[in-house]
Amino acid sequence: MSAGTDPSRERVLGRVRRALADVPRHERPRDHRVPRDYLRVHGSRTPAETVGLLAGNLTDYRAAVHRTDTAALPALIGELLSRRGTRRVVVPSGLPEEWLAATRAERLADSPSLTARELDAVDSVVTGCALAIAETGTVVLDAGPGQGRRLLTLVPDHHVCVVRIADQVVDSVPQALERLTPTRPLTWISGPSATSDIELDRVEGVHGPRTLEVILVAADPAAP
């Protein structure tokens, strides 16, 4: 073992090598089909029940959940930012301009030069998402338009995330994985940032926003 080599790392790698000792060198993982006979969805639900499950699980994780329609979305975002006392809000590239039409807060456009220290001085961030998973109460971001870099949703203390009910809500993790691109930077969010010490004392805001507000947007007032 060379100087400076981590013995724990070498032990783990040694076990991997021994486990693979009988595998032919030409063999690749894709040469063997992986059985995927597990349940894709636990139970059956109507679309309205799926959205209700998502809202309930998000609430269990201490996220604030709001429901609205497309027309009323700007007013709701403006109200949430005003209630929070937001003076500066960071805006990821591709976020629809009309979403922030009802807020007077100063808008800070995201850019690669925007540092974590500068983001720490921002009150709120508003983003969209890639999709939301009902069974786990999880919102997934993939840095697509309107979502921004991972840094954007980890540093500001208040995150408002918009989810379109019609095309962004799925029942389960398997359904989500079928729609996500694994090479993209995926951020899975289940409630605001929280951690607990050995005595189970919960502390929020250590490694992400202390407050997460999720807006479930129906295409029109008649939608679920």
Side-chain angles (χ1 to χ4, degrees), residues 54 57-66 68 73-133 136-164 168-169 176 180-197 201-217:
L54 171 64
N57 284 334
L58 284 167
T59 301
D60 285 345
Y61 282 122
R62 300 192 184 183
V65 179
H66 311 273
T68 190
L73 176 61
L76 177 56
I77 292 176
E79 177 186 343
L80 296 180
L81 295 180
S82 176
R83 188 186 306 167
R84 179 77 181 184
T86 297
R87 294 165 298 176
R88 302 178 74 207
V89 56
V90 65
V91 181
S93 175
L95 191 82
E97 292 185 12
E98 62 271 17
W99 286 10
L100 296 176
T103 180
R104 296 182 179 179
E106 177 188 350
R107 304 178 194 181
L108 181 64
D110 181 37
S111 71
S113 63
L114 197 60
T115 66
R117 183 178 295 274
E118 290 171 318
L119 285 171
D120 192 41
V122 173
D123 300 301
S124 303
V125 58
V126 177
T127 75
C129 71
L131 49 79
I133 306 170
T136 59
T138 304
V139 177
V140 184
L141 280 65
D142 66 359
Q147 300 172 53
R149 299 172 291 155
R150 182 175 285 129
L151 196 65
L152 247 60
T153 53
L154 292 180
V155 179
D157 203 42
H158 178 223
H159 180 192
V160 177
C161 185
V162 177
V163 180
R164 297 190 306 267
Q168 291 186 323
V169 176
L180 295 168
T181 303
T183 55
R184 295 191 65 81
L186 302 177
T187 303
W188 299 62
I189 303 171
S190 296
S193 163
T195 189
S196 298
D197 61 18
D201 291 327
R202 179 183 172 103
V203 178
E204 297 180 349
V206 175
H207 46 69
R210 187 175 286 105
T211 302
L212 172 66
E213 303 202 62
V214 178
I215 304 177
L216 303 178
V217 182

Using the side-chain contact (heavy atoms from CB on, under 4.5 Å) criterion, which residues pair with A116? Sequence neighbours excluded. L151, V155

Correct closest heavy-atom pair for R88 and A105 would be N-CB, 4.5 Å

Do any pairs count as a side chain to side chain donor-acceptor pair (under 3.5 Å) and have a residue in residues 95-111, sequence neighbours left out, and if so which ones? D110-R149, S111-S113

Quick test of your reading: applying salt bridge (Lys or Arg N to Asp or Glu O under 4.0 Å), list the pairs with at least one residue in residues 111-127, sequence neighbours left out, ordered by first then second residue. R87-D123

Excluding sequence neighbours, so at least two apart, what forms side chain to side chain donor-acceptor pair (under 3.5 Å) with S124? T86, H158

Contacts of T138 that satisfy side-chain contact (heavy atoms from CB on, under 4.5 Å) - sequence neighbours left out: I133, T136, V140, W188, S190

Residues two or more places apart in sequence or in another chain: which of them pass side-chain contact (heavy atoms from CB on, under 4.5 Å) with P182? none

Answer whether the closest heavy-atom distance between the side chains of L212 and V139 falls below 4.5 Å. no

Looking only at non-hydrogen atoms, find the nearest pair between G128 and C161 and report the distance. O-SG, 3.6 Å

Could you walk me through whether R84 and V160 satisfy the side chain to side chain contact (heavy atoms under 4.5 Å, CB included) test, starting with their C-alpha distance in whole Å, then the side-chain angles of each, then the deciding distance to 0.1 Å, before giving a yes or no? CA-CA 11 Å; R84 179 77 181 184; V160 177; over 6 Å; no

R164: partners by side chain to side chain donor-acceptor pair (under 3.5 Å), with sequence neighbours left out: D167

Indicate the atoms forming the closest heavy-atom contact of V162 with Q168, along with that distance. O-OE1, 4.1 Å

How many angstroms lie between CZ in R150 and OG1 in T187, if you round to the nearest 0.5 Å? 3.5 Å

With a cut-off of 3.5 Å and sequence neighbours excluded, list every side-chain donor-acceptor pair involving residues 73-82.
residue: E79; atom: OE2; partner: R83; partner atom: NH2; Å: 2.4

Among L131, L186, L152, I189, which one satisfies side chain to side chain contact (heavy atoms under 4.5 Å, CB included) with L141? I189

Can you tell me how far apart OG1 (T59) and CG (L54) are? Round to the nearest 0.5 Å. 9.0 Å

What residues, two or more places apart in sequence or in another chain, satisfy side chain to side chain donor-acceptor pair (under 3.5 Å) together with D142? Q147

All side-chain contact (heavy atoms from CB on, under 4.5 Å) counterparts of A64, not counting sequence neighbours: H66, E213

Taking all non-hydrogen atoms of both residues, which atom of G146 and which atom of P92 are closest, and how far apart? O-CG, 3.4 Å

Side chain to side chain donor-acceptor pair (under 3.5 Å) partners of S93, counting only residues at least two apart: none

